[in-house]
Asks: 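Handing you a structure now.
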Amino acid sequence: MSEDQELGITEQKEYNPGEWYAEVVEKAELASYAPEGMGGFIVTRPRGYSLWESVQDNLDRWFDETGVENAYFPLFIPEDYLEREKDVVEGFDPEVAWVTHGGHDELEERLAVRPTSESIIAPYMAQWVRSHRDLPLRLNQWCSVVRWEATETKPFFRTKEFLWQEGHTAHEDEAGAWEETLTRLDQYQRLYEDVFAMPVMRGAKPDHDKFPGADTTTTVEALMPDGKSVQGATSHNLGQSFAEAFDLTFSDEDEVERVAHTTSWGLSWRALGALIMTHSDDQGLVLPPTVAPEQVVIVPIWQEDTKESVLQYSAEIAAELEEAGVRVHLDDRDERNPGFKYNEWELKGVPLRLEIGPNEVADGEITAVHRPDGEQTTTARDTLVEDVEAHLDEVYAKLYATAEENLEENVREADSPEEIMGTIGQHGGYVRTPWCGDEACEEAIKEKVHAEIVAVPLDESAVEGDHRDNAHRAEAVHEPGDECTVCGDDAVETAYFARSY
């Protein structure tokens with residue numbers, strides 16, 4: 001096999017999405033698998049970690065603007081702490097990794113490797129909150145968690161250890177907690193739409209699938225090109241259950257002791273898996289310019305008699321773009337021909353390629369090539385910076401439009417169980433249908449086609465806020481008198497069925 005073939009993607013996204021995805025992750029240098037015997041773990045390479053840093057940079061800025069402070073809590077949680085919130089224990093028990101020894105000594109109490117941190121953070125919030133003046137308290141931590149899942153794993157989408165952020169807040173009343181829940185949902189939606197070029201559907205999880213102990217779990221769901229849904233992020237209104245379990249109380253203005261209302265919310269590097277799956281193609285990784293480590297790559301093309309002038313011109317272009325704040329890389333390697341460089345940088349997802357040969361030098365121009373579709377245009381040297389910025393905006397718009405078309409064309413309705421299953425089997429995507437609210441009706445579909453209810457409509461009317469006007473929402477379709485599509489009983493809400501990662 002030639003070096004070019006080894007570099008390129010051999011699987012096809014349309015026919016073998018799982019194998020194709022794994023190949024893109026490895027060959028685009030995003031991640032490698034952990035050592036043998038550690039199935040379900042990955043090593044995140046610098047190019048992959050830089051994508052996670054983009055997530056951190058954006059969310060941290062938005063969190064800070066809305067009163068959130070970063071903190072860090074221990075990796076280990078005493079078993080006694082975890083058991084104070086019974087719902088959490090029951091919800092995560094099969095996935096918890098336990099530490100039983102320190103060196104050669106058996107521990108007096110088992111320590112859980114955190115599957116989530118409500119049980120370690122809530123007790124300290126209880127210590128730090130005394131008065132209504134201490135509220136709202138908003139904390140966030142960037143960390144890893146471990147969930148010892150036995151199911152099939154996939155880099156970023158599903159691994160036993162994964163990176164995430166988890167926010168935890170305490171409020172005086174239900175209205176404050178609900179507003180917080182929706183504020184974080186807004187920010188997650190903003191990340192996907194304004195940074196990842198991915199529209200998402202916002203809604204709630206059905207009661208049987210909400211976070212253990214929560215009143216409401218809200219979600220943003222991203223539809224992948226293969227028709228499966230990804231839970232992009234969740235924001236939970238926890239009510240008072242955790243506060244009661246950990247004695248998180250405060251004195252109100254009348255010196256009456258009251259129980260706080262809490263929330264938690266998180267986004268993991270599953271978002272990176274969704275980003276990779278959504279935009280990438282059979283040539284490799286495709287990244288929006290907002291997160292690409294290199295937004296622009298310059299490939300000079302020369303013969304010996306033009307090498308000096310071409311490289312000098314290319315270096316000037318690179319310097320001007322760098323000064324303007326563009327992340328640019330000049331690929332002036334002698335040992336690689338231009339064709340190899342084109343393929344390599346396409347594989348690595350660089351949004352915009354600038355080709356510079358002797359003709360461009362003579363004419364004072366640059367040839368610009370868009371990564372998503374290979375569109376090629378000529379850019380004048382005099383308007384370099386503004387033209388490059390326009391090209392990057394256009395690349396982003398192309399990626400968003402394609403993803404939005406995929407979402408809008410793949411929400412369908414069904415009038416029978418057979419139609420639900422047939423639609424998901426043939427088309428994938430979301431099937432919207434009236435539902436009685438009984439989990440058994442979901443199980444009846446899940447057993448046949450491995451599809452579940454990923455979202456139900458979310459009532460946001462209780463809070464007036466700056467929520468996204470352009471949101472793709474999980475909207476209700478049933479009316480009073482409608483019957484559940486699965487069992488025929490009275491429908492109480494609308495369910496969105498889909499296969500999911």
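Remember, it's a predicted structure, so these values are computed and weren't measured experimentally.
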Asks: Just checking, is any N or O donor in the side chain of H236 or T217 under 3.5 Å from an acceptor N or O on the other one?
Replies: yes
Asks: Under a 3.5 Å distance rule, please check whether D134 uses its side chain to pair with a backbone N or O of S131 as donor and acceptor.
Replies: yes
Asks: Does Y124 have more than 12 heavy atoms from other residues, nucleotides or ligands lying within 6.0 Å of its OH?
Replies: no
Asks: Has E26 got more than 12 heavy atoms of other residues, nucleotides or ligands less than 6.0 Å from its CD?
Replies: no
Asks: Suppose we screen for side-chain contact (heavy atoms from CB on, under 4.5 Å). Which residues come up paired with H132, at least two apart in sequence or across chains?
Replies: E172, F250, E253
Asks: Can you establish whether the number of heavy atoms outside E174 located under 6.0 Å from its atom CD is more than 12?
Replies: no
Asks: With a 4.0 Å cut-off, would you call K348 and E294 a salt bridge?
Replies: no
Asks: Output all residues satisfying side-chain hydrogen bond (donor to acceptor under 3.5 Å, both in side chains) with W142, sequence neighbours left out; order by chain, then residue number.
Replies: D60
Asks: Answer yes or no: are there more than 12 heavy-atom neighbours, outside E323 itself, under 6.0 Å from its atom CD?
Replies: no
Asks: Donor-acceptor check, side chain of R130 to backbone of Q127, threshold 3.5 angstrom: yes or no?
Replies: yes
Asks: Considering non-hydrogen atoms only, spot the tightest contact between S50 and P293 and give its length.
Replies: OG-CG, 3.2 Å
Asks: Show your reasoning for whether side-chain contact (heavy atoms from CB on, under 4.5 Å) applies to I453 and W435.
Replies: CA-CA 10 Å; I453 298 171; W435 175 49; 3.5 Å; yes
Asks: Please assess T263 against T169 for the test side chain to side chain donor-acceptor pair (under 3.5 Å), listing each intermediate value before the final yes or no.
Replies: CA-CA 5 Å; T263 76; T169 69; 2.4 Å; yes
Asks: Test salt bridge (Lys or Arg N to Asp or Glu O under 4.0 Å) on R202 and D186; report intermediate values, then the result.
Replies: CA-CA 9 Å; R202 60 191 280 153; D186 287 345; 2.9 Å; yes
Asks: Taking atom types as modelled and ignoring hydrogens, do the side chains of S117 and E166 form a donor-acceptor contact shorter than 3.5 angstrom?
Replies: yes
Asks: Does a salt bridge link K210 with D215, judged by any charged N lying under 4.0 Å from a carboxylate O?
Replies: no
Asks: Report, as yes or no, whether the 6.0 Å neighbourhood of atom CZ on R133 holds more than 12 heavy atoms from other residues, nucleotides or ligands.
Replies: no
Asks: Once side-chain hydrogen bond (donor to acceptor under 3.5 Å, both in side chains) is applied, do any residues pair with H208, and if so which ones, sequence neighbours excluded?
Replies: E442
Asks: Between the side chains of Q187 and T66, is a donor N or O closer than 3.5 angstrom to an acceptor N or O?
Replies: yes
Asks: Would you find a donor on one side and an acceptor on the other, under 3.5 Å apart, between the side chain of Y192 and the backbone of A222?
Replies: no
Asks: Verify whether the ring centers belonging to F162 and W269 lie closer than 6.0 Å.
Replies: no
Asks: For the side chain of K228 and the backbone of L223, is there at least one donor-acceptor N/O pair under 3.5 Å apart?
Replies: no
Asks: Measure from the side-chain N and O atoms of S229 to the backbone N and O of E221, and report whether any donor-acceptor pair falls under 3.5 Å.
Replies: no
Asks: Check the orientation of F242 and F246. Use parallel for under 30°, tilted for 30 to 60°, and perpendicular for over 60°.
Replies: parallel
Asks: Please name all residues satisfying side-chain hydrogen bond (donor to acceptor under 3.5 Å, both in side chains) with R371, sequence neighbours left out, ordered by chain then number.
Replies: D281
Asks: Holding to side-chain contact (heavy atoms from CB on, under 4.5 Å), I want the full list of residues that pass it with S54, two or more places apart in sequence or in another chain.
Replies: V291
Asks: When you measure from the centre of the six-membered ring of Y81, is the NZ or CZ of R84 under 6.0 Å away and within 45° of the axis?
Replies: yes
Asks: Run the side-chain contact (heavy atoms from CB on, under 4.5 Å) test against R110 and tell me which residues pass, sequence neighbours left out.
Replies: E79, W98, T100
Asks: To the nearest 0.5 Å, what is the distance between CG on L347 and OG on S280?
Replies: 9.5 Å
